[in-house]
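Predicted model, so just to flag it, every value in this text is computed and none were measured.
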Amino acid sequence: MGEILGIAAALLSSVLGGTSVAATRYVVDSIDPLALGAFRFGIGFLFLLPVSLLSGGRWPRRIDWAGVAALGALFFGLFPVLFNASLIYTTSARGALALSTLPLLTMLTAALLGIERLTTRKFTGVLVATLGVAAALLTDISSAPANAWRRDLLMVAAAMCMAFYNVWSRPFIARASPITFVSMGMGVGAVILITISLLRDSFEPVPLLSLPYWSAIIFLGLFGAAITFFLWTFALAHTTPTRVAISITVNPIAASLVGMLILDEPFTFNIIIGLAAVCLGIGLATTGTRSKGKVL
C-alpha cells in the first residue's frame with residue numbers, strides 16, 4: 001500500500017510539474033531566471049516551514065545537515081537556474097520532454113553508483129527512449145525557436161541534477177521525514193538563490209510585473225515548489241528512485257496541454273511520437289525480472 005501511495009504521489013507531482021513548466025514559460029521572459037527561482041522556492045519554503053513545525057515530523061539529524069544542505073543547493077539552487085534558463089528559448093512541450101530523460105538518467109546514475117544493476121533490458125530501454133527524445137527534439141525544427149537545442153541541453157543538465165537528488169536523498173529522508181527534509185533543503189536553495197539574485201540585481205524588474213505574472217509566480221511557489229516537491233520527496237520515501245522517476249513521463253503531456261491553452265504553443269506529431277518512444281523505452285527498462293543489487 002505504501003508503494004502505491006508513493007507512485008500516486010510521484011504521478012501527481014509530475015502533473016503539477018508539467019503545469020509549472022508552462023507557468024515558468026509564461027513569466028520567464030519578464031523576470032531573471034535567478035529571481036524567479038528565488039521567488040518560487042522562497043514562497044515554497046515559507047509555506048512548508050510552518051507545516052513542518054506543526055507536523056511533528058523528525059528533522060534531519062545534525063550529522064546529516066551538511067548532506068541535506070548540499071542536496072538542497074543541488075536541487076533547489078542549481079536545478080531551477082538550469083530549468084528556468086532552458087525555458088527562455090524553448091517551448092513548454094520541448095522543455096518537459098527534455099526533462100523526461102530523468103528516468104533514464106536516474107537509472108544510469110544508480111548503476112554508476114552501484115545502487116542498481118543496469119541489465120541488457122534496461123540498456124535497450126534507455127537507448128529506445130533516448131532516441132525517441134532525440135527524434136522529438138531534433139526533427140521538429142520548424143516549430144522551435146532558433147537554437148532551442150542548446151536550451152534543451154540545459155534542461156537535460158537540470159534533469160541530471162534531479163537524478164543525483166533522487167539517488168542520494170533516500171537515506172537522509174529515511175532518517176528524517178519527507179516534509180522536514182524537503183523544507184530544510186528548499187530553505188537552503190532559497191537562501192542561495194536570493195543571495196545571488198541580490199548580488200546580480202536580478203530583482204530590479206520585479207516592481208514592473210503585472211498581476212497575471214505575480215499570479216503565476218505565486219502558483220509556482222505554492223504548487224510548483226511546496227506541494228510538487230513535497231509529493232516527490234514523499235514518493236522517494238515510499239518507493240524506488242526509478243519508479244518515482246518514471247512518473248516524469250506525464251510531465252510533457254501536462255506541459256503541452258497547458259502550453260497549448262495559455263501560450264498558443266503547438267502540440268505536434270513529433271512530440272507525440274517522442275513521448276511514446278520514451279514510455280516504451282522506460283517500460284522495457286523497468287519491467288521484467290528484478291535484479292538483486294545494492295540498495296540504499
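Contact annotation: the side chain of Leu105 approaches that of Val156 to within less than 4.5 Å [non-hydrogen atoms, C-beta and beyond]. Contact check for Ser13 versus Phe229: no side-chain heavy atoms found under the 4.5 Å cut-off. Looking at heavy atoms from C-beta onward, Tyr165 lies in side-chain contact with Thr233 at the 4.5 angstrom threshold.
No continuous path of hydrophobic side-chain contacts links Leu112 to Val167 [ILVMFWY only; heavy atoms under 4.5 Å]. Residues Phe181 and Leu49 share a hydrophobic cluster, clusters being chains of Ile/Leu/Val/Met/Phe/Trp/Tyr side chains in contact below 4.5 Å. Residues Phe45 and Val51 fall within the same hydrophobic cluster, defined by Ile, Leu, Val, Met, Phe, Trp and Tyr side chains chained together at heavy-atom separations under 4.5 Å. Put simply, Val191 and Leu36 are part of two different groups of oily side chains (I, L, V, M, F, W, Y) that touch within less than 4.5 Å, one to the next.
The two residues Leu102 and Ala163 have their closest heavy-atom pair at CD1-N, 3.5 Å. Looking at every heavy atom in both residues, Ser202 comes nearest to Ala35 through O-CB, 3.5 Å. Ser20 approaches Leu220 most closely through the heavy-atom pair O-CD2, 3.6 Å.
Take Ala226 and apply the side-chain contact (heavy atoms from CB on, under 4.5 Å) test, not counting sequence neighbours, and it matches Phe47, Leu48. In this structure Phe39 satisfies the side-chain contact (heavy atoms from CB on, under 4.5 Å) test together with Ile31, Phe203, Val206, Trp214, Ile217, sequence neighbours excluded. Residues passing the ring pair (Phe, Tyr, Trp, His ring centres under 6.0 Å) test with Phe172: none are found, sequence neighbours excluded. Residues passing the side chain to side chain donor-acceptor pair (under 3.5 Å) test with Thr228, sequence neighbours excluded: none.
No side-chain donor from either of Ser55 and Ser52 sits under 3.5 Å from a side-chain acceptor of the other.
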**Message:** Walk me through whether Ile227 and Leu222 qualify under side chain to side chain contact (heavy atoms under 4.5 Å, CB included).
**Reply:** CA-CA 6 Å; Ile227 297 176; Leu222 294 180; 5.5 Å; no
**Request:** Begin with the C-alpha distance, continue with both residues' side-chain angles, and end with the deciding distance and a verdict on side chain to side chain contact (heavy atoms under 4.5 Å, CB included) for Asn166 and Trp232.
**Result:** CA-CA 9 Å; Asn166 288 345; Trp232 191 265; 2.8 Å; yes
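Here Leu34 contributes atom CG and Leu193 contributes atom CG; the two are 6.5 Å apart, rounded to the nearest 0.5 Å. Summarising the geometry, atom CG belonging to Asp32 is positioned 10.5 Å from atom CD1 belonging to Ile196; distances are rounded to the nearest 0.5 Å. Interatomic distance, Leu236 CG to Ile173 CD1, rounded to the nearest 0.5 Å: 5.0 Å. Note: Met155 CE to Met160 CE = 15.5 Å, rounded to the nearest 0.5 Å. A distance of 6.5 Å separates OG in Ser30 from CG in Leu209, rounded to the nearest 0.5 Å.
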For residues 58-81, please give each side-chain donor-acceptor pair under 3.5 Å, one per line with the distance, not counting sequence neighbours.
residue, atom, partner, partner atom, Å
Arg58, NE, Ala176, O, 3.4
Arg58, NH2, Ala174, O, 3.3
Arg58, NH2, Ala176, O, 2.8
Asp64, OD1, Arg175, NH2, 3.1
Asp64, OD2, Arg175, NE, 2.8
Trp65, NE1, Pro60, O, 3.0
Trp65, NE1, Arg61, O, 3.4

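Between Phe234 and Phe230, the angle of the ring planes lies from 30° to 60°, which puts this pair in the tilted group.
Listed for the Arg40 side chain is a donor-acceptor partner under 3.5 Å among the backbone atoms of Gly224.
Residue pairs meeting the salt bridge (Lys or Arg N to Asp or Glu O under 4.0 Å) criterion with at least one member in residues 201-229: none, sequence neighbours excluded.
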